[in-house]
Amino acid sequence: EIVKAIEESRIAIIVLSINYASSSFCLDELATILDCLERKRLLVLPVFYNVDHYQVLGGSYVEALVKHGKSLKHSMEKLEKWEMALYEVADLSDFKIKHGARYEYDFIGEIVEWVSSKINPAHYPVGLGSKVLEVRKLLDVGRDDGVHMLGIHGIDGVGKSTLAREVYNKLISDHFDASCFIENVREKSKKHGLHHLQNILLSKILGEKDINLTSAQQEISMMQRHRLQQKKVLMVLDDVDRPEQLQAVTGKPAWFGPGSKVIITTQDKQLLTSYDINRTYEVKKLNKDDALQLLKWKAFKMHYFDPRYKMLLNRAVTFASSLPLTLEILASYLFGKSVKEWKFTFHQFVRSPNNPMEMILKVIFDSLKEKEKSVLLDIACYFKGYELTEVQDILHAHYGQCMKYYIDVLVDKSLVYITHGTEPCNDTITMHELIAKEIVRLESMMTKPGECRRLWSWEDVREVFSKIEIICLDYPIFDEEEIVQWDGTTFQNMQNLKTLIIRNGNFSKGPEYLPNSLRVFEWWGYPSHCLPSDFHPKELAICKLPCSRISTTELTNLLTKFVNEAFEIFKRKGKLKILSAFGCIKLRSFPTIKFSKNIRKDGKCKGTSFAVHSHKHVCLVVELFSYQVALS
């Protein structure tokens, strides 16, 4: 029964105490949990209760295993399985409870918050109950006589995604064979193509790995469709804006098995009509009572509040126009502020009933510190939907310091949010499209022509030079056949350029010049056989040239140059962190790297680790003194 319960769970919390390993039952459960983690992406949180990682690999744990070994002389396979499980759990992201550090209920509260974040609860539970019931009724929950599709529509910021997520979380335990919530469909299809959405569908619903539909024209196979038809599916497509997205992922209702439920969220009701989705639900603004309840909870973090705020709360609801997104941002900004500060904030607002978000965001943006503004603009312009660790790496390289604190500040202010994956490395950072548009608009209004520091349009790149610090060109995947014509000299006068990221663009030729000021250099499908001969960036921290279409000899020469310079840089400043040529399918050999003579056979020496992994392409990862060089 315990094994069955573990296998049916979504989250496992392992409490590792000093005597944990003395129990063979605990070790069996641990092995089962980690087996489920590997097979079905079960979420696991180890809680180290008055023990540390190293104690799990030694001390009382080793003593307990020795005792078990004596009693398991004829079952050494089980003992090895326990040992492997302990090694694996010691490497997972964890939660430590140390005796006397704080009251235990504080730690328990943080664990509950962690669990809540992982199951993706609604951002605002206020007023959702009745809406969820209405949506369930429209979906014919409980009936398995066909495929039921429902469109949820409404204006920007009204809570469509939040409602869809809440319905999804309520239905996920209703005996569906498979479930799939695809967020940010508009952005994903623009950046990665429609086939990327199909890959997600097949991976989540059929459990297939290594799926690689390379174009929208490469349709889902008849065999895959047949397998989809055998499954009762729960699926949400969030933020759809084009009919092709629906066609690529849902095809026809006949794609899925009886009892399947498909929910689509969009701003465009006409889109639903054109796709023959007749059942729709319009999300409307909150009524005044619900708006006040949401504002009170977000602004005070409790139901009780000082009566002096009562009139101010009513004014805040009016300013926010009862939009949940706007209320949440405003409440996060007002949290912890005095009555006097609330009044001063409202005094700053210029009444703009047609665009409450504009007036509120302007006040909040002006109140941010310079680095907070910079990081917010970087995310709004470039990094929505990126993995959190990748954004932290890029910003660290660009600014020369860890920017995690500033990201955390923006999360606290509800300006950006983190979508949690099954593991910390899968967490993504994003922001609501309405916020991103308004932040970018505010930046363009405040910046004089020629003084812009961020560019994401090729036309702008060709016109603005001197002060530019970041260029991020993320070409839509469906424009990949269009050739970008240029003479290769565009970057010649950009002496302040620190970050250059180009993805998916098909350029007519390679650059004749690259600034030596670069700290982040990423170019997908780099269009030349070689780097400019005078390109010697001393502060380079991240270099990625994935899917470059160059010959083995030229690629090897290019990588050799970087490897040699990388280790020279290590000796001088230790700047280089990541060097990647992932997806370069013509790479057949790799240049010799001279490592320190102190490296042992196990790859360890004085803080240096060395590992080689193989998955389709050879991937070499070298970590030196906490810095990482990745060559694939």
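All of these numbers come straight from a predicted model, not from anything done at the bench. Along the sequence shown, residues carry numbers from 1.
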In Å, rounded to the nearest 0.5 Å, how long is the span from [atom1] of [X] to [atom2] of [Y]?
{"X": "L545", "Y": "L531", "atom1": "CG", "atom2": "CG", "value": "6.5 Å"}
{"X": "H432", "Y": "Y417", "atom1": "NE2", "atom2": "OH", "value": "7.0 Å"}
{"X": "D239", "Y": "E187", "atom1": "CG", "atom2": "CD", "value": "8.5 Å"}
{"X": "Y382", "Y": "I471", "atom1": "OH", "atom2": "CD1", "value": "8.0 Å"}
{"X": "L497", "Y": "H398", "atom1": "CG", "atom2": "NE2", "value": "8.5 Å"}
{"X": "N184", "Y": "L197", "atom1": "CG", "atom2": "CG", "value": "11.0 Å"}

Given side chains that start at C-beta, do those of [X] and [Y] come closer than 4.5 Å, heavy atoms only?
{"X": "H195", "Y": "N199", "value": "yes"}
{"X": "L410", "Y": "M431", "value": "no"}
{"X": "K413", "Y": "L368", "value": "yes"}
{"X": "P511", "Y": "W523", "value": "yes"}
{"X": "Q245", "Y": "K188", "value": "no"}
{"X": "V411", "Y": "I429", "value": "no"}
{"X": "L361", "Y": "L415", "value": "yes"}
{"X": "Y333", "Y": "S367", "value": "yes"}

Using modelled atom types only, decide if a donor and an acceptor are shared between the side chain of [X] and the backbone of [Y] within a distance under 3.5 Å.
{"X": "T266", "Y": "V240", "value": "yes"}
{"X": "S189", "Y": "V185", "value": "yes"}
{"X": "N516", "Y": "H536", "value": "yes"}

Between [X] and [Y], what is the shortest heavy-atom contact and its length?
{"X": "F535", "Y": "P515", "result": "CE1-O, 3.3 Å"}
{"X": "L194", "Y": "A248", "result": "CB-CB, 4.0 Å"}
{"X": "L16", "Y": "P46", "result": "CD1-CB, 4.0 Å"}
{"X": "I439", "Y": "A380", "result": "CG2-CB, 4.1 Å"}
{"X": "L34", "Y": "A85", "result": "CD1-O, 3.1 Å"}
{"X": "Y386", "Y": "C472", "result": "OH-SG, 4.1 Å"}

For side chain to side chain contact (heavy atoms under 4.5 Å, CB included), just list the numbers for E433 and Q267, CA-CA rounded to whole Å, side-chain angles, deciding distance to a tenth of an Å, and then say yes or no.
CA-CA 12 Å; E433 189 67 25; Q267 293 180 48; over 6 Å; no
Could you go through I182 and K204, starting from their C-alpha distance and side-chain angles, then the distance that decides it, and tell me whether this counts as side chain to side chain contact (heavy atoms under 4.5 Å, CB included)?
CA-CA 10 Å; I182 305 181; K204 295 280 189 181; over 6 Å; no
Criterion side chain to side chain contact (heavy atoms under 4.5 Å, CB included) on L325 and I435, from CA distance to verdict
CA-CA 9 Å; L325 178 65; I435 299 175; 4.0 Å; yes
Assess the residue pair K498 and E539 against the criterion (side chain to side chain contact (heavy atoms under 4.5 Å, CB included)); give the C-alpha distance rounded to whole Å, side-chain angles, the decisive distance to 0.1 Å, and a yes or no.
CA-CA 9 Å; K498 297 177 183 177; E539 300 288 322; over 6 Å; no
Run the salt-bridge test on R165 and E183 with the 4.0 Å N-O cut-off and return the result as yes or no.
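Answer for the salt bridge query: yes.
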Compute whether any side-chain donor of one residue and acceptor of the other, for Y406 and D378, lie under 3.5 angstrom apart.
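Their side chains do not contain a donor-acceptor pair, so the 3.5 Å distance test is not met.
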Enumerate the residue pairs fulfilling salt bridge (Lys or Arg N to Asp or Glu O under 4.0 Å) with a member in residues 510-527, sequence neighbours excluded, ordered by first and then second residue.
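Matches after skipping sequence neighbours: R503-E522, K509-E512.
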Apply side-chain contact (heavy atoms from CB on, under 4.5 Å) to Q55 and list each qualifying residue two or more places apart in sequence or on a separate chain.
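Partners of Q55 by the side-chain contact (heavy atoms from CB on, under 4.5 Å) criterion, ordered by chain and then number, come out as I18, V51, D52.
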